[in-house]
Amino acid sequence: MAYWLFKSEPAEYGIDHLEAEPQKITCWHGIRNYQARNLLRDNIYTKDLILFYHSSCKPTAVVGIAKVIASAYPDPTQFDEHSPYYDAKSSKDHPRWFCVDIQLHKKFAHPVELTHIKHNPKLENMVLLKQSRLSIQPVQEAEFNEIKKMARLVSNL
DNA sequence: GCCAACGTTGGC
DNA sequence: GCCAACGTTGGC
C-alpha cells in the first residue's frame with residue numbers, strides 16, 4: 001500500500017464538496033500534467049491512502065484523508081467538448097489522461113498547515129516542500145503518519 | 001498582485 | 001534537439 005498527496009483548490013472543489021458527494025466518493029478528474037498522470041496511471045492503486053491538501057487559499061493545509069477506491073481509467077472529461085478539460089488530441093483508442101476514484105475517509109478537526117509542515121524536521125523531505133507545483137505526489141509512510149499525528153487524529157485506519 | 005519555479009510550445 | 005517566449009501554479 002502506498003501514500004499520496006492530492007491537491008485541490010477549495011474554491012473549485014474542496015474537502016467539503018467531497019464530503020457532500022453520495023458515499024463521499026468522487027472521480028478525481030482533470031489532471032493535465034504528465035508527471036501526475038504517470039503516477040495516476042502506473043502507481044496508484046485501490047486502498048492507497050491520500051493526504052487531501054488545500055492549495056491557493058488561506059491557510060494552505062492538509063485537511064483530511066481519502067482512500068483510492070478505483071485505480072486508473074481514462075478521464076471522461078478529455079472526450080467532452082463542453083468540458084474545460086477537453087483535449088482534442090486525445091482519442092478513446094489512445095487516451096492521454098487518466099483519473100481514479102477516491103472516497104473521503106477522515107476530515108481533520110485540526111488541518112495541518114503548510115507553515116507547520118515546513119517547521120517540522122521530520123517532514124523536511126516531503127515532495128510538497130520541494131516540488132510544490134506537482135498536484136499529485138508520493139508521500140512516505142513516516143510522513144503520512146507524522147501528518148496524522150499532527151492532526152491529532154486518533155488512528156483507526 | 002507579485003514573482004519564482006516549472007511546464008509547454010514552436011521556430012530553427 | 002535546443003532554446004526563447006510564453007503560460008500556469010501556488011505561496012506569500
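Letters A, B, ... mirror the listed sequences (proteins, then strands); counts begin at 1. Keep in mind that what you see is a predicted model, and the values were worked out from it rather than measured.
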Please list all pairs passing the ring pair (Phe, Tyr, Trp, His ring centres under 6.0 Å) test where one or both residues lie in residues 53-77 of chain A, with sequence neighbours left out.
A:Phe52-A:His54
Got a sec, which residues hit ring pair (Phe, Tyr, Trp, His ring centres under 6.0 Å) with A:Tyr85, two or more places apart in sequence or on another chain?
A:His29
Can you list the residues that meet the side-chain hydrogen bond (donor to acceptor under 3.5 Å, both in side chains) rule with A:Glu124, with sequence neighbours excluded?
none
Write out all pairs satisfying salt bridge (charged side-chain N to carboxylate O under 4.0 Å, His left out) with one or both partners inside [range], taking only residues at least two apart or from two chains.
range: residues 80-89 of chain A; result: A:Asp87-A:Arg96
range: residues 14-26 of chain A; result: A:Asp16-A:Lys107, A:Glu19-A:Lys107
range: residues 27-51 of chain A; result: A:Arg32-A:Asp75

What residues in residues 84-95 of chain A put a non-hydrogen atom under 4.0 Å from any atom of DNA chain C?
none
Which Ile, Leu, Val, Met, Phe, Trp or Tyr residues join A:Phe98 in one cluster when any pair of side-chain heavy atoms under 4.5 Å counts as a link?
none
What string of B, S and - do you get for nucleotides 4-9 of chain C, 5' to 3', if B is base contact, S is sugar-phosphate-only contact and - is no contact with any protein heavy atom under 4.0 Å?
---BBB
